[in-house]
Amino acid sequence: MWPFNGKKVLKPENLPLGEDWRVAEGNHDGNPMFVRTNAAYRGFKGVEGYAHQVGIAVPLLDPEPSGLPSTIENAELSAIEDNLCGLLQTANESIFVAAITTSGMREFVFYTRDPDRVKQKVEQARRSIQNYKIQLLIQPDSEWNIYARLI
């Protein structure tokens with residue numbers, strides 16, 4: 001792919017893009033894995049200024065033997081997703097690009113232009129989500145390599 005892969009960096013003034021969610025199934029360490037990605041960003045090499053990847057992992061409280069959530073817990077995780085998206089996507093501060101479910105956890109993947117603000121907002125979410133221990137990882141990824149591995 002060197003030196004060019006044909007993809008361009010998306011300009012932030014072109015946000016938000018529409019949603020084109022796709023689900024892929026695989027396995028991780030012998031457990032089923034589901035990856036839901038917003039394929040609307042597939043044709044781009046990231047979004048200018050959104051140089052940090054955010055991973056918000058939510059360990060399941062009572063996973064099925066497969067490591068996947070029960071129907072009831074899946075509904076709770078959907079509510080957590082709605083909460084996080086509502087907090088983090090305000091004024092396009094962050095972009096929600098994927099959700100990964102496997103091995104007793106769900107991870108929500110975002111890209112952000114303001115990592116410090118994400119930390120504050122995730123702390124706010126932790127206070128409102130009583131039953132789950134939310135884990136946060138923020139790392140530089142200006143070329144959206146994590147996203148590219150998921151699609």
Side-chain angles (χ1 to χ4, degrees), residues 1-60 63 66-69 74-126 128-129 132-151:
M1 301 257 206
W2 186 89
F4 303 104
N5 67 2
K7 293 183 179 182
K8 296 183 178 176
V9 175
L10 181 65
K11 300 289 183 187
E13 56 267 19
N14 294 325
L15 294 176
L17 287 185
E19 294 187 4
D20 181 11
W21 290 96
R22 311 266 173 100
V23 177
E25 185 176 348
N27 68 67
H28 175 69
D29 293 336
N31 294 312
M33 177 172 69
F34 291 90
V35 179
R36 181 170 36 101
T37 57
N38 185 349
Y41 295 92
R42 171 179 262 155
F44 300 97
K45 188 178 178 181
V47 178
E48 185 178 286
Y50 292 77
H52 287 83
Q53 183 264 329
V54 177
I56 302 171
V58 182
L60 305 181
S66 64
L68 299 175
N74 199 47
E76 293 170 353
L77 293 167
S78 291
I80 290 171
E81 178 179 321
D82 291 345
N83 184 342
L84 291 170
C85 287
L87 287 170
L88 298 179
Q89 294 188 115
T90 304
N92 291 327
E93 287 177 1
S94 299
I95 302 167
F96 179 44
V97 297
I100 306 162
T101 306
T102 189
S103 305
M105 73 94 194
R106 177 163 300 161
E107 181 174 351
F108 303 103
V109 180
F110 292 82
Y111 280 87
T112 190
R113 60 183 178 190
D114 193 346
D116 292 329
R117 191 91 168 109
V118 166
K119 290 176 191 173
Q120 294 169 357
K121 290 185 174 191
V122 169
E123 193 54 43
Q124 180 183 346
R126 281 183 175 130
S128 68
I129 300 167
Y132 290 88
K133 294 183 191 244
I134 296 174
Q135 303 167 7
L136 174 65
L137 171 70
I138 301 174
Q139 60 188 345
D141 185 13
S142 62
E143 294 189 1
W144 287 37
N145 292 317
I146 301 293
Y147 173 77
R149 280 188 246 151
L150 296 173
I151 56 171

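Values reported hereafter were calculated over all heavy atoms of this structure, with side chains retained and with hydrogens, waters and symmetry mates removed.
Using a 4.5 Å cut-off on side-chain heavy atoms (C-beta onward), Lys119 and Asp116 make contact. Inter-residue side-chain proximity for Val54 and Ser94 is flagged as unmet; no heavy-atom pair is nearer than 4.5 Å. In this structure the side chain of Asn92 never reaches within 4.5 angstrom of the side chain of Pro12, judged on heavy atoms. Two residues are said to be in side-chain contact when any heavy atoms from C-beta on lie closer than 4.5 Å; Asn74 and Thr101 fail this criterion. Side-chain contact check for Phe108 versus Leu88: every heavy-atom pair is 4.5 Å or farther apart. A 4.5 Å side-chain heavy-atom check between Met33 and Val35 finds at least one atom pair inside the cut-off.
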Side chain to side chain contact (heavy atoms under 4.5 Å, CB included) between Tyr41 and Ile95, intermediate numbers included: CA-CA 10 Å; Tyr41 295 92; Ile95 302 167; 3.4 Å; yes
Trace of the side chain to side chain contact (heavy atoms under 4.5 Å, CB included) decision for Phe34 with Glu25: CA-CA 5 Å; Phe34 291 90; Glu25 185 176 348; 3.6 Å; yes
Glu93 vs Lys121, side chain to side chain contact (heavy atoms under 4.5 Å, CB included): CA-CA, chis, key distance, verdict: CA-CA 11 Å; Glu93 287 177 1; Lys121 290 185 174 191; 2.9 Å; yes
Side chain to side chain contact (heavy atoms under 4.5 Å, CB included) assessment of Val47 paired with Tyr111: CA-CA 9 Å; Val47 178; Tyr111 280 87; over 6 Å; no
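Checked against side chain to side chain contact (heavy atoms under 4.5 Å, CB included), Pro115 has the following partners two or more places apart in sequence or in another chain: His52, Thr112, Ile138. Annotation: side chain to side chain contact (heavy atoms under 4.5 Å, CB included) contacts of Asp82 (sequence neighbours excluded): none. The ring-ring contact (aromatic ring centres under 6.0 Å, His included) check on Phe96 picks up Trp21, Phe110, with sequence neighbours excluded.
From Ile134, atom CD1 reaches atom CD1 of Ile80 across 5.5 Å, with rounding to the nearest 0.5 Å. Here the straight-line distance linking atom CD of Gln53 with atom OG of Ser142 works out to 12.0 Å at 0.5 Å rounding. Distance CD/Glu48 to CG/Leu10: 9.0 Å, rounded to 0.5 Å. Leu68 contributes atom CG, which lies 8.0 Å from atom CG of Leu60 (distance to the nearest 0.5 angstrom). Distance check: Thr102 OG1 to Asn27 CG gives 8.0 Å after rounding to the nearest 0.5 Å.
The shortest heavy-atom contact between Leu87 and Ala125 is CD1-CB, 3.7 Å. Here the closest non-hydrogen pair linking Gly18 and Ala40 is O-CB, 3.2 Å. Here the closest non-hydrogen pair linking Ser66 and Pro32 is O-CD, 3.3 Å.
Counting only residues at least two apart or on different chains, no salt bridge (charged side-chain N to carboxylate O under 4.0 Å, His left out) pair has a member in residues 101-115. Within the structure, the salt bridge (charged side-chain N to carboxylate O under 4.0 Å, His left out) test picks out the following pairs touching residues 27-40 (sequence neighbours left out): Arg36-Glu81.
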Between side-chain atoms of residues 143-151 and protein atoms elsewhere (two or more places apart, or another chain), which donor-acceptor pairs fall under 3.5 Å?
from, atom 1, to, atom 2, distance (Å)
Trp144, NE1, Tyr50, O, 3.0
Tyr147, OH, Asn38, O, 2.6
Tyr147, OH, Arg42, N, 3.2

